[in-house]
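Shown next, in structure tokens, is the structure this report addresses.
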Amino acid sequence: MNEIEALYQVVEDRKTNPIEGSYTCYLFEKGLDKILKKVGEECAETIIEAKNGDNEALKNEICDLLYHLVVMMSVRGLPVEDVMAEMEERAKKIGNAKVRKTVDHNT
């Protein structure tokens, strides 16, 4: 089990066994709109830190973004295994360069 799968399991556990004061439980209580807002905010913050060039801050924002994406997956009922399977399928395509259509602009 990788870290994303482990995180997903913790999030799923919070959904079925809420813990008072848990930020994850707070997000579940607020619902999908709040979670999507947080995904958007964390995405923007990740972009800003990438632009700023501070890898320590970037690393932290990526972790925040991944966490909120996992919470979103849980609320939407998208199993982490499905995402991992899709990533595996995409990995099989690595190195398969697409042939680009050439266009004759002179005709």
Side-chain angles (χ1 to χ4, degrees):
M1 179 182 298
N2 66 40
E3 286 76 11
I4 299 292
E5 292 167 324
L7 176 59
Y8 189 86
Q9 291 305 314
V10 170
V11 168
E12 285 290 292
D13 184 62
R14 292 291 186 275
K15 188 164 54 172
T16 56
N17 303 300
I19 295 177
E20 187 174 336
S22 163
Y23 178 64
T24 303
C25 294
Y26 163 79
L27 289 173
F28 285 138
E29 288 171 14
K30 292 298 179 181
L32 184 60
D33 285 348
K34 175 67 173 182
I35 295 163
L36 295 176
K37 180 180 177 186
K38 289 302 297 181
V39 168
E41 288 173 8
E42 298 302 341
C43 186
E45 291 171 6
T46 300
I47 293 166
I48 290 166
E49 292 305 335
K51 183 79 171 159
N52 288 343
D54 178 354
N55 279 348
E56 185 67 24
L58 176 60
K59 173 183 69 177
N60 291 325
E61 292 304 334
I62 289 170
C63 288
D64 290 347
L65 176 58
L66 287 171
Y67 162 76
H68 287 91
L69 287 171
V70 167
V71 173
M72 179 189 67
M73 289 166 48
S74 176
V75 166
R76 291 287 297 128
L78 177 61
V80 69
E81 295 84 9
D82 290 2
V83 175
M84 293 300 159
E86 179 64 22
M87 289 180 74
E88 287 176 22
E89 284 301 311
R90 290 179 180 210
K92 293 175 186 175
K93 297 177 184 177
I94 292 174
N96 293 342
K98 292 183 179 179
V99 177
R100 301 227 184 250
K101 184 168 68 170
T102 56
V103 177
D104 182 1
H105 293 287
N106 295 322
T107 58

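For the numbers below, each heavy atom of this structure counts, side chains included, while hydrogens, waters and symmetry mates do not.
Not counting sequence neighbours, the partners of E89 by the salt bridge (charged side-chain N to carboxylate O under 4.0 Å, His left out) test are K92. Scanning for salt bridge (charged side-chain N to carboxylate O under 4.0 Å, His left out) contacts around K51 gives an empty result, with sequence neighbours left out. For I19, the side-chain contact (heavy atoms from CB on, under 4.5 Å) partners are R14, S22, not counting sequence neighbours. The salt bridge (charged side-chain N to carboxylate O under 4.0 Å, His left out) check on E86 picks up R90, with sequence neighbours excluded. Contacts of E5 classified as side-chain contact (heavy atoms from CB on, under 4.5 Å), with partners at least two apart in sequence or in another chain: M1, N2, V80, M84. When the side-chain contact (heavy atoms from CB on, under 4.5 Å) test is applied to N60, the partners found at least two apart in sequence or on another chain are E56. D13 meets the side-chain contact (heavy atoms from CB on, under 4.5 Å) test with T16, N17; sequence neighbours excluded.
When hydrophobic clusters are built by joining Ile, Leu, Val, Met, Phe, Trp and Tyr residues whose side-chain heavy atoms come closer than 4.5 Å, directly or via intermediates, Y8 is grouped together with Y26.
A distance of 13.5 Å separates NZ in K59 from OG1 in T46, rounded to the nearest 0.5 Å. Atom CD1 of I47 and atom CG of L58 lie 11.0 Å apart (nearest 0.5 Å).
Between C25 and P18, the shortest heavy-atom contact is SG-CA, 3.5 Å. Listed here is the closest heavy atom pair of G77 and P79: O-CD, 3.2 Å.
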Listing, residues 29-43 side-chain donor-acceptor contacts under 3.5 Å, not counting sequence neighbours, or none:
residue: K38; atom: NZ; partner: E41; partner atom: OE1; Å: 3.2

Donor-acceptor contacts under 3.5 Å from residues 61-73 side chains, at least two apart:
residue: Y67; atom: OH; partner: T24; partner atom: OG1; Å: 2.6
residue: H68; atom: ND1; partner: D64; partner atom: O; Å: 2.8
residue: H68; atom: NE2; partner: Y23; partner atom: OH; Å: 3.1

